[in-house]
Student: 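After the structure tokens below, expect a handful of questions from me.
To find a chain, count down the sequence lines: A is the first, B the second, and so on, and within it residues start at 1.
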Amino acid sequence: MSVRVRYGPSPTGEPHVGNIRTALFDWLLARRFGGQFIVRIEDTDQSRAVAGAEALILDALRWLGLDWDEGPDIGGPFAPYRQSERLPLYIEAAERLITDGRAYRCNCTSERLDALRKSQQQAKQPPGYDGRCRGLAVADDEPHVIRLAMPSANSTVVEDYLRGPVAFQNALLDDHVLLKRDGFPTYHLASVVDDHHMDITHVIRGEEWLSSAPRHVQTYAALVWDEPVWVHIPIIRGPDKGKLSKRHGATSIRQYAAEGFLPEALLNFLALLGWSKDETTTIMSRDEITEHFSLDGLGLASAMFDIDRLRELNARYIRDLSPADFLQRGRPHLEARVGRAIDDDALASLLPIAPAIQERVKLLPEFADYTDFFFAAGPLDYDNAELMGRAYRHKPWAALESVEASLRTLRALDRSAWTATALESALRALAEQRGEKPGALFTPIRVSVTGKRVAPPLFETLETLGQRLTVERLNAAAERLARPDD
RNA sequence: GGCCCCAUCGUCUAGAGGCCUAGGACGCCAGCCUUUCAAGCUGGUAGCACGGGUUCGAAUCCCGUUGGGGCUACCA
């Protein structure tokens, strides 16, 4: 039998990294062993349903390149793939359990349950349903839930793939709800019924489910179905060591995309949170990860989501992009900055300088910081202090002299000599001739043409900008330095 | 509180009894390079939580302690 794994998000909001990492491991296992990856929407809580969440979840998977073989949008042999559309299946299973004496109807009110919980807490008893309705005949036409009759003696063993057998005392497990008053199943029933009907072979889920796994094992036993392989993977923790949540800032996948993280970087990072190929490899493409993935490489300790390491990895991925690809990915951020569309030709003009920018950009939006001045229409915004730099601090007259010297040199250059290498030798010669340190001469030029202290390498920048604009901006700078009021 | 899981540099990890004087990556520090900022190169810093066993030998196996986390809903 081939591997069949499912990702079962509940559409209650945006998918976050912890959640999507589970999907990644599901997907990797399926792809590694030529099995199927199934997306199943677990929308059994009507009160928490969020409109549009399902689309967001599918978008996140697509963005990361995790394709699915069966799902709510594309259907498949076990359709439908939304639990809200599979209600008869759950009711059928629950009814069968009642018939077999493994479940019972319960009409206890939530008030009684609350009171029960409260008194148990006060008495320092473990909380849980007391089984009042277990022997009672509750009519099926009055409001009720259906509970599983859990065994009270012995223990239930969950055979976890990663940890081996984990035993739970049955006496501590209460009769939990399978079918709610509104006719919808709980996760405990729905996941078991669907995993069985959909031939799921491996249940990969977060460790937070381990505690309820014995309930699922008991449900399989009561239904006389074969259990899947249980794989409880460690939770991802935030900087405060607790379970990663919204409190830790940007945890939704869409947020990371917006902040300029590359999907391949995030995927690489997530895969390495709890899994490793060997002792040295840290950079791996999706295909390489797929090729080497195995459940046996998974660790048991929960890992902290360290955003700094992600940033570093992202920077590495940006550097490794082809220049053309880099420009395409950076374009939207530049367009947002300058407020207009950048056409292909304009973008292509940046090709020679792109590699230098790639070395400097850690997040895609920073692309705009290194390129917006190429597309600035009016005068650049900077202080004269920046213009003068360290060397000419408080000496505007000296800075002016320097700028005017550069201007003369650059103006005199032949159009054919407007290349980074020619510009460099001309300006270096000028610095030497003037007895100036190169940095002293270059800083005012850099600020004049880019409006910034930090910019891409100067000569490539001048080449890309062109002689006309360079001269124009240097002139503007000279005028500013000549004005006494600054 | 109860139940369950986990435990190697600050972080992610390698390590399945001798290959460990504990390896790699990120970070951090120093140096080199240098037109800013980066990138790159060199070197360095830093860890087996603690205590008992088992064994000729333990980061690795067992027990306990401590610490951290998860669960404890008619949520997933």
Student: Are Y187(A) and H176(A), when compared by the centres of their aromatic rings, separated by less than 6.0 Å?
Tutor: no

Student: Among A76(B), G70(B), C12(B), find the nucleotide with the atom closest to the side chain of I235(A).
Tutor: G70(B)

Student: Report the residue (P165(A) or M304(A)) whose heavy-atom-nearest nucleotide on RNA chain B is the more 5′ of the two.
Tutor: P165(A)

Student: Looking at the base of C37(B), is there any donor atom on it, or on the side chain of R360(A), that sits under 3.5 Å from an acceptor on the other one?
Tutor: yes

Student: If you compare every side-chain N and O of T186(A) against the phosphate oxygens of C75(B) (OP1, OP2), does one of them come in below 4.0 Å?
Tutor: no

Student: Quick check for you: among U13(B), C3(B), C37(B), whose closest atom lies nearest to any side-chain atom of A303(A)?
Tutor: U13(B)

Student: Can you tell me how far P in C71(B) sits from the matching atom in G52(B), rounded to whole Å?
Tutor: 36 Å

Student: Which nucleotide wins on minimum distance to the side chain of K180(A), given the candidates A39(B), A7(B), C74(B)?
Tutor: C74(B)

Student: Not counting sequence neighbours, list each pair that qualifies as a salt bridge (Lys or Arg N to Asp or Glu O under 4.0 Å) and has a residue in residues 106-118 of chain A.
Tutor: R112(A)-D130(A), D114(A)-R117(A)

Student: With rounding to the closest Å, how many angstrom separate the C1' atoms on U54(B) and C62(B)?
Tutor: 7 Å

Student: Would you indicate which nucleotide in C5(B), C37(B), U11(B) comes nearest to any side-chain atom of Y370(A)?
Tutor: C37(B)

Student: Does NZ or CZ of R237(A) come closer than 6.0 Å to the centre of the six-membered ring of F305(A), within 45° of the ring's axis?
Tutor: no

Student: Strictly below 4.0 Å, N to O, side chains only: are R163(A) and E207(A) in salt-bridge contact?
Tutor: yes

Student: Main chain of S448(A), side chain of R473(A): is a donor-acceptor contact present, judged purely on distance under 3.5 Å?
Tutor: no

Student: What is the base-pairing partner of U55(B), counting Watson-Crick and G-U wobble geometry with both distances under 3.5 Å?
Tutor: none

Student: My understanding is that a pair needs two contacts under 3.5 Å, Watson-Crick or G-U wobble. By that rule, which nucleotide pairs with G10(B)?
Tutor: C26(B)

Student: Scan every strand shown for a Watson-Crick or G-U wobble partner of U21(B), both distances under 3.5 Å, and answer none if you come up empty.
Tutor: none

Student: Any idea which of A76(B), A38(B), C3(B) is nearest the T44(A) side chain?
Tutor: A76(B)

Student: List in numerical order all residues of residues 449-460 of chain A for which some heavy atom is under 4.0 Å away from an atom belonging to RNA chain B.
Tutor: R453(A), V454(A), A455(A), P456(A), P457(A), L458(A), F459(A)

Student: Go through the steps to decide whether D182(A) and Q46(A) satisfy the test side-chain contact (heavy atoms from CB on, under 4.5 Å), and finish with yes or no.
Tutor: CA-CA 9 Å; D182(A) 63 4; Q46(A) 293 174 292; 3.1 Å; yes

Student: With a 4.0 Å cut-off on heavy atoms, is G299(A) in touch with a base, just the backbone sugar-phosphate, or nothing at all?
Tutor: nothing

Student: Does anything in residues 418-442 of chain A form a ring-ring contact (aromatic ring centres under 6.0 Å, His included)? List the pairs, not counting sequence neighbours.
Tutor: F442(A)-F459(A)

Student: Starting the side chain at C-beta, find the nucleotide from G40(B), C12(B), C6(B) nearest to R319(A).
Tutor: G40(B)

Student: Determine, stepwise, if the pair R329(A) / L262(A) fulfils side-chain contact (heavy atoms from CB on, under 4.5 Å).
Tutor: CA-CA 9 Å; R329(A) 301 211 206 197; L262(A) 265 31; 3.7 Å; yes

Student: Base, sugar-phosphate or nothing for I357(A)? Non-hydrogen atoms, less than 4.0 Å.
Tutor: nothing

Student: Can N268(A) and L313(A) be said to form a side-chain contact (heavy atoms from CB on, under 4.5 Å), step by step?
Tutor: CA-CA 8 Å; N268(A) 190 159; L313(A) 193 65; 3.9 Å; yes

Student: Does a side-chain N-to-carboxylate-O contact under 4.0 Å join E312(A) and R319(A)?
Tutor: yes

Student: With rounding to the closest Å, how many angstrom separate the P atoms on C4(B) and U21(B)?
Tutor: 38 Å

Student: Tell me which nucleotide among C4(B), C12(B), U35(B) gets nearest to the side chain of R428(A).
Tutor: U35(B)

Student: Any Lys/Arg nitrogen of D174(A) or R215(A) sitting under 4.0 Å from an Asp/Glu carboxylate oxygen of the other?
Tutor: yes

Student: For A440(A), answer base if it contacts any base atom (sugar-phosphate contacts may also be present), sugar-phosphate if it contacts only those atoms, and nothing otherwise; contact means non-hydrogen atoms under 4.0 Å.
Tutor: nothing

Student: Looking for any heavy atom pair under 4.0 Å, which part of the strands does V145(A) touch: base, sugar-phosphate only, or nothing?
Tutor: base

Student: Any protein N or O atoms within reach of nucleotides 24-32 of chain B? Criterion: under 3.5 Å, listing atom names and distances.
Tutor:
unit_1	atom_1	unit_2	atom_2	d
G27(B)	OP1	E312(A)	OE1	3.1

Student: Go through U35(B), C5(B), C74(B) for me and flag the one nearest to the V177(A) side chain.
Tutor: C74(B)

Student: Which nucleotide in the set A76(B), A38(B), A7(B) lies at the smallest distance from any side-chain heavy atom of K362(A)?
Tutor: A38(B)

Student: Name the pairs: protein N/O against N/O of nucleotides 66-68 of chain B, kept only if under 3.5 Å.
Tutor:
unit_1	atom_1	unit_2	atom_2	d
G68(B)	O2'	R237(A)	NH1	2.9

Student: Side-chain N or O of S276(A) versus OP1/OP2 of A14(B): is the shortest distance under 4.0 Å?
Tutor: yes

Student: Scan every strand shown for a Watson-Crick or G-U wobble partner of C50(B), both distances under 3.5 Å, and answer none if you come up empty.
Tutor: G64(B)

Student: Does G40(B) have a Watson-Crick or wobble mate here (both distances under 3.5 Å), and if so which one?
Tutor: C32(B)

Student: Please work out if P185(A) contacts a base, only the sugar-phosphate, or nothing of the nucleic acid, heavy-atom cut-off 4.0 Å.
Tutor: sugar-phosphate

Student: Using the P atom as the reference point in each nucleotide, state the distance between C33(B) and G17(B) in Å, no decimals.
Tutor: 49 Å

Student: Can you label the angle between the W275(A) ring and the F293(A) ring as parallel, tilted or perpendicular, going by 30° and 60°?
Tutor: tilted

Student: Can you tell which of A76(B), U35(B), C71(B) lies closest to the side chain of R48(A)?
Tutor: A76(B)

Student: Across all strands, who's sitting opposite C71(B) as a Watson-Crick or G-U wobble pair, both distances under 3.5 Å?
Tutor: G2(B)

Student: With sequence neighbours left out, what residues match Y370(A) under ring-ring contact (aromatic ring centres under 6.0 Å, His included)?
Tutor: none

Student: Any cation-pi pair here, R480(A) with Y382(A), using under 6.0 Å and within 45°?
Tutor: yes

